[in-house]
Structure formats: structure tokens, C-alpha cells
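Down below is the structure, laid out as C-alpha cells.
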Amino acid sequence: MLSPQTILLVEDEVLIRMVIADYLRHCGYKVIEAVSGDEALVLLQQKDVEIDLVFSDIEMPGTVDGFALSQWIKQNRPDLDIVLTGTAPKAAEMASELCEAGPLPKPYEPEMALDRIRRLLAQRNQKRSQSR
Amino acid sequence: MQDGSVRILSRTILVAEDDPLTRMVLSDALRASGFEVIETASGAEALSVIEAGRSVDLLITDIQMPGSLDGNALARIVLKLLPAIKVIVAAGGAPDPKIASEIAGYYTKPYSAEAIAEDVLRLFEDNADAERTTQIA
């Protein structure tokens with residue numbers, strides 16, 4: 001199986017999205033960014049936009065969260081893999097695995113990048129659980 | 001990701017555009033021209049990137065975006081408080097007369113992303129100093 005070349009990154013928080021997008025791009029992937037599930041659907045329904053893998057947060061503003069996105073993909077794009085990254089360790093682990101399988105060698109100081117992703121996501125998850 | 005001791009030759013462009021396709025096409029064209037692009041979908045998002053200390057050389061912003069900070073407000077803030085960041089407006093509709101004379105460029109939709117990328121390349125060539133050290137955000 002060929003490793004994916006274009007990743008659709010769905011994440012509402014810009015700083016987290018930016019760090020993950022940077023990391024994946026340095027591994028050689030093309031990354032398309034969407035800020036919400038609704039935006040992701042707009043992009044997924046475009047015929048001329050090639051996407052090989054979806055890397056998505058779960059909790060997002062708008063009408064489509066990660067689970068709804070996953071359902072839509074199963075029904076409409078069964079060829080597409082989706083990675084749901086609700087927790088910090090999961091996201092960092094998946095990003096790391098993608099970079100292992102990626103077209104280029106890992107970016108400079110990959111552990112730093114992963115640490116950063118973990119920390120940002122852990123902070124965000126903490127804030128979210130506190131506000132409930 | 002690079003640490004502070006690595007010198008790179010690329011400029012960073014902050015794009016504020018809420019339509020995902022427009023944002024994608026513009027960002028792609030800019031990256032193909034060698035720029036680093038940070039994508040945001042609202043004025044507030046764009047500001048949060050700047051406030052986080054991320055080094056940005058140019059802001060390209062739409063005008064109509066969700067939230068209380070539209071592109072005109074964002075442009076005015078950057079022009080006033082962050083003069084080191086150049087500003088280009090790429091939107092539907094006429095430029096705000098208050099900022100028209102201070103921005104580095106104005107494009108109306110539908111625009112050619114390649115044309116903007118070419119103009120941006122020329123804009124930075126005019127500033128001969130193409131080398132800078134990145135900061136860790």
C-alpha cells in the first residue's frame with residue numbers, strides 16, 4: 001500500500017493546527033487545512049481536490065464533529081482513511097507514525113515537535129474539561 | 001520545525017481567508033513560490049498567531065470573515081501596531097479608503113493566486129535582505 005501524500009488536517013485551534021501541519025509538511029506530506037468539520041466536507045466534496053488521509057480532531061465548532069465526519073466518510077468516501085485525534089498522546093502518536101511512513105526522513109528534532117503537539121493538546125483538553 | 005540557530009531563506013505569510021477552497025488555492029500558490037504559509041480562517045485566528053510570537057513577514061487578508069474582527073479591522077491593527085508586517089488585502093468589494101494608501105497591494109475576487117504569488121515574490125525582492133533567523137514560536 002502506498003503511503004498517503006495529501007493529508008486533510010481538520011483542527012479548529014489555529015496554533016495546534018499550525019504545529020501539526022508544519023510537522024507533517026516537514027515529513028514530506030502535502031497538508032490541506034480545514035478549521036471545522038463543515039469546511040472539511042466542503043473540501044472532500046470537491047472532485048478535483050485529492051486527499052489521501054483525513055487527520056481530524058473530534059470536538060469542533062459547527063454542525064459536524066469528528067465522529068460525524070467519520071460517518072460521512074464511511075458512507076461517501078469508503079476509500080479514505082480517517083484518523084481521529086481526540087487525545088494528545090493519540091495525535092502525537094499518529095503524527096509520528098505518519099512521519100515514519102512518510103516520503104521524507106523525519107524533520108529536524110522530531111521529538112521536540114511531538115512534545116510541542118502533546119503539550120498544546122494536553123493544555124487544550126484540560127481547558128475543555130474544566131469548562132464543562 | 002527548526003530551532004533558533006538554523007538560518008532559513010524563506011518568508012512567512014499569514015493568510016486570513018474563511019473560504020476553504022480560496023484559502024487552499026492561494027496558500028498552495030504561495031508555497032509553490034517558496035513561502036511558508038500559515039492559514040487562518042478569521043481575524044481572531046490571525047491575531048492569535050501574531051500574539052503567540054510567530055514571526056510573520058506578510059499578511060494577506062480577506063475582508064468578510066466570521067467573528068467580530070473583519071479583514072479591515074485586522075489590517076488596521078497590523079498596519080498601526082506591527083509596521084514590520086506588510087499587508088495585502090485580497091477580497092470581494094472595494095478597499096477601505098482608510099487603509100488603501102498603506103497596504104502593499106489590493107486584489108479583488110476572483111483573483112489569480114499565481115499572480116498574487118508573483119507580486120509577492122517581487123515585493124520581497126525589493127527588500128534585498130532575504131536572510132533571517134527563524135524564531136521558535
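In what follows, every chain begins at residue 1, and chains take the letters A, B, ... in the order their sequences are listed.
- With a 4.5 Å cut-off on side-chain heavy atoms, A:K30 and B:R31 do not count as touching.
- A:V31 and B:V25 end up in different hydrophobic clusters when Ile, Leu, Val, Met, Phe, Trp and Tyr side chains are linked at under 4.5 Å.
- Residue A:E50 places its CD atom among 12 or fewer non-hydrogen atoms of other residues, nucleotides or ligands, all under 6.0 Å distant.
- Looking at B:V37, only its backbone comes within 4.5 Å of chain A, counting heavy atoms on both sides.
- With a 4.5 Å cut-off on non-hydrogen atoms, A:V35 touches chain B through its backbone and its side chain both.
- For the residue pair B:M24 and A:L43, the shortest heavy atom distance occurs at SD-CD2, 3.9 Å.
- Tested against A:M18 for a side chain to side chain contact (heavy atoms under 4.5 Å, CB included), the candidates B:E45, B:E39, B:R54 yield a single pass: B:R54.
- In this structure the side chain of A:V49 reaches within 4.5 angstrom of the side chain of B:L21, judged on heavy atoms.
- By the neighbour-count criterion of 12 heavy atoms within 6.0 Å, atom NZ of B:K98 is sparsely surrounded, having that number or fewer from other residues, nucleotides or ligands.
- Within a 6.0 Å radius of CD in B:Q64, other residues, nucleotides and ligands contribute 12 heavy atoms or fewer.
- Within the model, atoms CD of A:E33 and OG of B:S27 stand 7.0 Å from one another, a figure rounded to the nearest 0.5 Å.
- Within the 4.5 angstrom heavy-atom criterion, only backbone atoms of B:D18 (N, CA, C, O) approach chain A.
- Between B:R23 and A:E39, some side-chain heavy-atom pair lies under the 4.5 Å cut-off.
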